[in-house]
Amino acid sequence: QLQASGGGLVQPGGSLRLSCAASERIFLISTMGWYRQAPGKQRDLVAVLSRGGSTNYADSVKGRFTISGDNAKNTVYLQMNSLNPEDTAVYYCNVGLRNGYNLWGQGTLVTVSS
């Protein structure tokens, strides 16, 4: 139901843009966002966008990452700039529904390395 894309290998200081499209059959979406999980670590919030347009970012990505979306297309994007090796992780798209349920994408790997 969620299709994420845009991961890959990038050099430190580089940029990537992640995209996630949710099925049009998903209704009552409250939020769309991104989480990431590095090897051996828990899954953490990266950024979230509410249907009303408010955003929330992890402190570690503020000023470098920008989340945006298209409500009509049930799509969310994550523009990642000034990437560093600590950003290396599997990035998961998340959809939060008004009934409290969460949907997860399959994950896309981002590797920051020279």
Same hydrophobic cluster for Val61 and Leu18, using side-chain heavy-atom links shorter than 4.5 Å among ILVMFWY? yes
Taking every heavy atom of Arg36 against every heavy atom of Ser60, the minimum-distance pair comes out as NH2-OG, 3.3 Å
Notebook entry, point to check: Are Val48 and Met32 linked, directly or through other ILVMFWY residues, by side chains that come within less than 4.5 angstrom of each other?
Noted result: no
Within one Ile-Leu-Val-Met-Phe-Trp-Tyr cluster: Val90 and Leu16, side-chain cutoff 4.5 Å:
no
Hydrophobic clustering (ILVMFWY, side-chain heavy atoms < 4.5 Å, transitive) - are Tyr77 and Phe65 grouped together?
no
Scanning both residues in full, the closest heavy-atom pair of Asn94 with Asn102 reads ND2-OD1, 3.1 Å
Just checking, is any N or O donor in the side chain of Ser15 or Asn81 under 3.5 Å from an acceptor N or O on the other one? yes
CD (Gln3) and OG (Ser19) are apart, to the nearest 0.5 Å, by 10.5 Å
TODO: Find out whether Thr88 and Val110 are in side-chain contact, i.e. whether some heavy atom of one side chain is under 4.5 Å from a heavy atom of the other.
DONE: no
Item checked: Non-hydrogen side-chain atoms of Ile29 and Leu97 separated by less than 4.5 Å -> yes
Side chain to side chain contact (heavy atoms under 4.5 Å, CB included) between Asn56 and Leu45, worked out: CA-CA 9 Å; Asn56 188 35; Leu45 172 71; 3.7 Å; yes
When every non-hydrogen atom of Val10 is compared with those of Leu83, the smallest separation belongs to CG1-CD1, 3.6 Å
Inset, instruction - Starting from the C-alpha separation in whole Å, work towards a yes-or-no answer on side chain to side chain contact (heavy atoms under 4.5 Å, CB included) for Tyr57 and Thr55. - result: CA-CA 7 Å; Tyr57 294 91; Thr55 58; 3.6 Å; yes
Note: Ala4 and Trp34 closest approach over all heavy atoms is CB-CH2, 4.1 Å
Count I, L, V, M, F, W, Y as connected when their side-chain heavy atoms are under 4.5 Å apart, and connections chain through other members. Are Tyr91 and Leu9 then in the same cluster?
no
Salt bridge (charged side-chain N to carboxylate O under 4.0 Å, His left out) filter on Lys73, not counting sequence neighbours, yields none
So CE of Met80 and OG1 of Thr66: to nearest 0.5 Å the spacing works out to 11.0 Å
Notebook entry, point to check: Quick one: does Thr108's side chain have a donor or acceptor within less than 3.5 Å of a partner on Gly7's backbone?
Noted result: yes
Applying side-chain contact (heavy atoms from CB on, under 4.5 Å) to Arg43 and not counting sequence neighbours gives Tyr35, Gln37, Tyr92, Trp104
Minimal heavy-atom distance between Ala22 and Val95, with the atoms involved, is CB-CG2, 4.3 Å
### Query
Quick one: does Cys20's side chain get under 4.5 Å of Val76's, heavy atoms only?
yes
Shortest non-hydrogen pair, Asn74 vs Arg51, comes out as OD1-NH2, 2.8 Å
